[in-house]
Amino acid sequence: MTTATPRTLAEELRTRSDRGLAGLLRARPDLLNPVPGDLTQLATRAGTRASVVRAVERLDTFALQTAEALAIAPDPCPYGTLAALMAGDAGDEAVTAALPGALAALRAQALVWGPDDRLRLVRTARELLAPSPTRPSPTGLGPTVAEATAGMSPGRLQEVLAAVDLPTTHDPVSAVAALTALFSDRARMAALLDTAPVEAVAVLDKLLWGPPYGAVTDRPAAHLQWLLDRGLLLPAGARNVALPREAALHLRAGRAHRVPEPAPPALAPTTARDPQLVDNAAAGQAFTALATVEELLKEWDLGGPPVLRAGGLSVRDLKRTATALDTTEQLAAFWLELAYAAGLIASDGEADERYAATPAAEEWLQLPDHERWAVLVAAWLPATRTPGVVGTADAKGRTLAALGPHLDRSPAPEVRHRVLTLLATLAPGTSVPEPTLLSRLRWERPLRAAAPAAQPPASPAPAAPDGPAGPAPAEDLRSRLAQGALAEAELLGVTGRGALATHGRTLLGTAPAAAEAAPAPEAGATATPLTPAEATTTAARAAVLLAPLLPEPLDHVLLQADLTAVAPGPLHRPLAEALGVLADVESKGGATVYRFTPASVRRALDSGRSAAELQEFLTTHSRTPVPQPLAYLVDDVARKHGQLRVGAATAYVRCDDDALLAEILADRRAAALRLRRLAPTVLAAQCAPEHLLDGLRAMGYAPAAESAAGDVLVARADSYRTPPRTAPAPVPDGPPPPDRTLLEAAVRAIRAGDLAATAERKPTAAPTGTTAPGALPRTTSAETLATMQAAVLTSSPVWIGYVNADGAASQRVIAPVRVEGGYVTAYDHTSDEVRTYPLHRITGVSELADDAV
């Protein structure tokens with residue numbers, strides 16, 4: 001039975017509703033692994049250091065400031081005392097209005113418990129947040145008078161009391177109490193400081209907002225001696241002193257923090273644009289993203305660069321890829337990681353391991369544009385691999401490589417989702433500056449500073465700025481992730497001109513029509529990132545909205561007399577692939593320019609096309625007549641193509657025109673091929689066929705390769721593909737958030753287990769029925785059978801001890817339904833199901849009190 005005022009966190013949890021317990025488990029999913037057996041186990045687990053650290057790190061700034069104030073307040077702390085610490089003596093309406101919400105958030109996460117007149121911060125959180133010499137508090141406060149005088153001699157304490165005109169006492173405890181009362185009394189403390197030297201007040205001002213430690217010499221100056229004599233500076237080690245917490249609070253007018261932040265920074269100033277322009281800009285960038293990934297796959301079509309021994313891509317290969325994509329190395333790393341996350345590229349796993357496109361890439365290339373975009377976005381949303389850290393050094397000084405290990409940053413999906421969510425709270429077409437978003441994110445998840453060295457400063461120094469002296473905003477991980485998320489969203493076409501596009505809102509489940517009226521998310525609310533399955537679903541819905549905005553593919557080009565072709569827009573895939581073989585891309589942009597060269601025409605002939613087929617292809621797909629120079633180029637290259645045949649001897653050259661072979665033999669450029677005539681129409685070479693082909697082509701000839709049977713080998717662009725590969729799985733940031741079904745089942749199990757552990761039992765006359773608190777019931781087999789049979793007749797629940805096949809003991813509350821054949825069938829309140837138990841595994845049974853269930 002629970003009392004009116006909970007004495008422990010477990011008792012406080014017993015007073016919560018099922019909804020309240022579900023909220024705790026949802027906010028702290030690490031408490032569910034495994035599901036606690038009862039509420040006592042849940043309370044114990046909620047107080048462990050690892051769990052409390054995770055919960056504290058996910059507090060917003062004001063909730064964290066409230067917890068920090070409780071850590072330096074008396075334990076337990078009345079609500080009025082907490083309000084005074086947060087708002088100060090003068091009061092602060094904004095702080096007063098926001099404090100109940102912050103306290104409710106702490107209570108919901110079981111970091112604070114107890115009624116308003118006895119608020120208690122869980123012990124582990126107090127240890128984490130309370131100030132100490134080795135771990136300063138963001139409040140900048142030092143030790144209390146009691147803590148600072150713990151090692152002081154009783155005589156020295158009496159001297160301090162005399163210096164401040166307090167009566168001496170007979171014991172150190174009462175002396176510390178009297179000094180504490182003086183420093184906490186505003187009127188008496190003000191009167192004392194009125195008599196202080198100006199230099200002494202200046203020293204206190206320097207220590208006021210922290211750090212509260214300083215150093216003094218063996219012979220301190222007169223103003224320092226005045227402070228030491230009156231206990232306004234108390235010992236904190238050899239030659240080190242500290243400003244007592246009570247004195248600092250008086251000087252601060254009662255405030256624990258220099259600048260309380262009860263409200264998140266506003267998302268302002270804003271820039272409004274036409275939503276249609278934003279959508280069009282985003283769609284254009286989405287199409288560019290598809291073209292870039294397609295170009296990457298084409299670049300690696302016959303196999304990509306080798307894999308480093310330590311994994312990843314070398315710096316040189318990253319530069320080559322960036323050059324091929326006509327972009328920077330950092331952006332090239334992003335496109336590589338995106339294709340890798342989507343499962344489009346991977347390592348082949350061979351002995352000489354190298355990267356290549358996967359079979360999934362072939363399927364991706366055949367999809368419509370909007371579906372291809374959905375695949376990329378669905379891979380991006382939950383991805384934890386962070387291309388922004390490529391090129392930086394890890395903790396061991398090793399440079400992080402693209403596609404290599406150690407690129408996962410678990411907070412990335414949450415930060416990415418939160419950035420998009422904040423943009424979704426703005427009106428359609430509206431954007432805000434990047435520093436504004438970063439400031440809002442830092443308020444929602446303030447970074448805790450690393451603990452400085454334990455050694456206090458050599459002399460009283462000016463206080464550090466308010467709050468933890470964390471790294472500069474541009475250097476902390478969450479800021480870098482947020483900046484990367486903004487840039488990547490723009491590259492993928494989720495945003496346009498800095499504003500979230502209509503299809504981008506659909507990625508978060510925000511209805512476009514209601515986007516303008518959407519309320520801002522609750523301050524400090526946790527942004528739950530999408531799972532891969534959810535990301536796939538939302539990306540498919542967004543792609544439907546994006547499809548009408550993408551440019552329609554064309555089925556024609558414009559041929560020009562200067563041996564170029566202009567594609568005034570995106571081409572149908574078969575046309576683009578065929579034209580990519582017949583011509584070389586000269587420039588990209590709104591219109592792509594292709595150039596026809598002898599080498600490109602020979603490439604098309606090598607792929608199995610005849611001159612007539614090429615002429616027909618050009619005529620069919622050109623809106624302009626085929627220029628005469630282009631027709632002559634095709635016919636001229638085709639006339640020479642295949643006159644020479646190269647096969648494997650090591651290699652040979654075969655030609656029906658023996659004069660042409662004689663010309664080749666006489667050419668000095670053929671010396672490196674080491675040719676000799678075997679017959680009037682055959683030359684043998686001492687090099688591989690592919691080298692012979694390249695050498696003859698460099699000399700201006702157009703040889704064709706042939707098989708051992710003498711057939712021409714068609715050099716189609718059949719791609720090298722890896723074996724089937726799965727995309728890399730994201731590395732989660734802790735346990736995944738539980739769904740509603742799991743929460744409901746967990747709450748039922750915890751309630752049932754707590755009922756079994758705390759239900760009141762009927763007293764038994766036999767000694768065998770007595771049990772120690774928390775122990776399993778012990779009864780004889782005959783007593784167990786008789787009690788079970790009686791419970792079946794009366795439909796009464798009973799309390800049993802049970803040992804399973806693995807030897808694990810547990811206690812349960814069951815309602816027996818049938819007893820036969822050495823088994824009891826009963827409804828188990830713990831598991832919320834009907835189960836059968838062997839009687840020989842039941843250690844004992846006890847009837848419950850009439851009002852226990």
Side-chain angles (χ1 to χ4, degrees), residues 5-16 20-21 23-24 27-28 30-31 39-40 42-88 95-96 98-132 134-144 146-147 184 210 245-246 248-249 254-257 260-262 445-446 448-449 451 467-468 524:
T5 301
R7 296 169 297 176
T8 64
L9 176 58
E11 289 186 1
E12 196 273 343
L13 292 178
R14 289 191 180 97
T15 65
R16 294 194 181 191
L21 286 180
L24 169 61
R28 299 175 63 178
D30 56 292
L31 302 180
L39 289 171
T40 300
L42 177 61
T44 301
R45 194 177 298 172
T48 58
R49 183 178 180 85
S51 182
V52 170
V53 167
R54 177 177 290 275
V56 168
E57 287 178 346
R58 300 181 74 84
L59 296 175
D60 64 50
T61 294
F62 191 62
L64 181 59
Q65 288 181 332
T66 303
E68 290 163 352
L70 282 171
I72 56 97
D75 187 28
C77 174
Y79 182 85
T81 302
L82 174 62
L85 286 170
M86 295 300 297
V95 170
T96 302
L99 186 57
L103 194 57
L106 294 173
R107 276 194 170 121
Q109 298 198 41
L111 294 173
V112 171
W113 59 278
D116 282 354
D117 60 338
R118 295 179 62 83
L119 296 172
R120 291 184 181 272
L121 189 66
V122 295
R123 179 178 56 83
T124 309
R126 178 174 290 274
E127 293 173 354
L128 288 170
L129 300 175
S132 71
T134 58
R135 189 181 58 253
S137 167
T139 61
L141 292 169
T144 63
E147 293 168 347
S184 303
R245 185 181 306 170
E246 294 83 355
L249 286 173
R255 288 187 302 175
H257 295 86
E261 298 183 62
R445 292 288 184 274
R448 295 191 53 77

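For reference, positions follow the sequence shown, starting with 1.
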Identify the two heavy atoms, one from [X] and one from [Y], that lie closest to each other, and give their separation to 0.1 Å.
| X | Y | value |
| --- | --- | --- |
| A102 | A63 | CB-CA, 4.1 Å |
| M86 | A69 | SD-CB, 3.6 Å |
| L99 | A83 | CD2-CA, 3.6 Å |
| P131 | G142 | CG-O, 4.0 Å |

So, does [X] use its side chain to make a donor-acceptor pair with the main chain of [Y] at under 3.5 Å?
| X | Y | result |
| --- | --- | --- |
| S137 | G140 | no |
| R126 | A67 | no |
| Q65 | H257 | no |

Audit row: T15, E11, side-chain contact (heavy atoms from CB on, under 4.5 Å) steps and yes/no: CA-CA 7 Å; T15 65; E11 289 186 1; over 6 Å; no
Working note: W113 + R120, criterion side-chain contact (heavy atoms from CB on, under 4.5 Å); need CA distance, chi angles, decisive distance, verdict. CA-CA 5 Å; W113 59 278; R120 291 184 181 272; 3.3 Å; yes
Is any side-chain heavy atom of [X] closer than 4.5 Å to a side-chain heavy atom of [Y]?
| X | Y | result |
| --- | --- | --- |
| D75 | L121 | no |
| V52 | R49 | no |
| P115 | Y79 | no |
| L24 | L42 | yes |
| T139 | L85 | no |
| L59 | T66 | no |
| L21 | L39 | yes |
| V112 | L70 | yes |

Sequence neighbours excluded, which residues qualify as salt bridge (charged side-chain N to carboxylate O under 4.0 Å, His left out) partners of [X]?
| X | value |
| --- | --- |
| E246 | none |
| R107 | D116 |
| R245 | E147 |

Go through D60 and R445 one step at a time and tell me if the salt bridge (charged side-chain N to carboxylate O under 4.0 Å, His left out) criterion holds. CA-CA 5 Å; D60 64 50; R445 292 288 184 274; over 6 Å; no
Not counting sequence neighbours, which residues clear side-chain hydrogen bond (donor to acceptor under 3.5 Å, both in side chains) with T61? List them please. none
Can you name the side-chain hydrogen bond (donor to acceptor under 3.5 Å, both in side chains) partners of R16, sequence neighbours left out? E12
Mind checking side-chain contact (heavy atoms from CB on, under 4.5 Å) for [X] and listing every partner two or more places apart, or none if nothing turns up?
| X | value |
| --- | --- |
| R123 | E127 |
| A84 | none |
| A105 | none |
| D30 | R28, S51, R54, P735 |

For the CZ atom of R58 and the CG atom of L64, what is their distance to the nearest 0.5 Å? 14.0 Å
For the atom pair OG1 (T44) and CG (L9), what is the distance rounded to the nearest 0.5 Å? 8.5 Å
Between L119 and T81, is the side-chain contact (heavy atoms from CB on, under 4.5 Å) condition met? List the steps. CA-CA 10 Å; L119 296 172; T81 302; over 6 Å; no
Set out, in order, the CA-CA distance, both residues' side-chain angles and the distance that settles side chain to side chain donor-acceptor pair (under 3.5 Å) for T40 and R14, then state yes or no. CA-CA 9 Å; T40 300; R14 289 191 180 97; 3.0 Å; yes
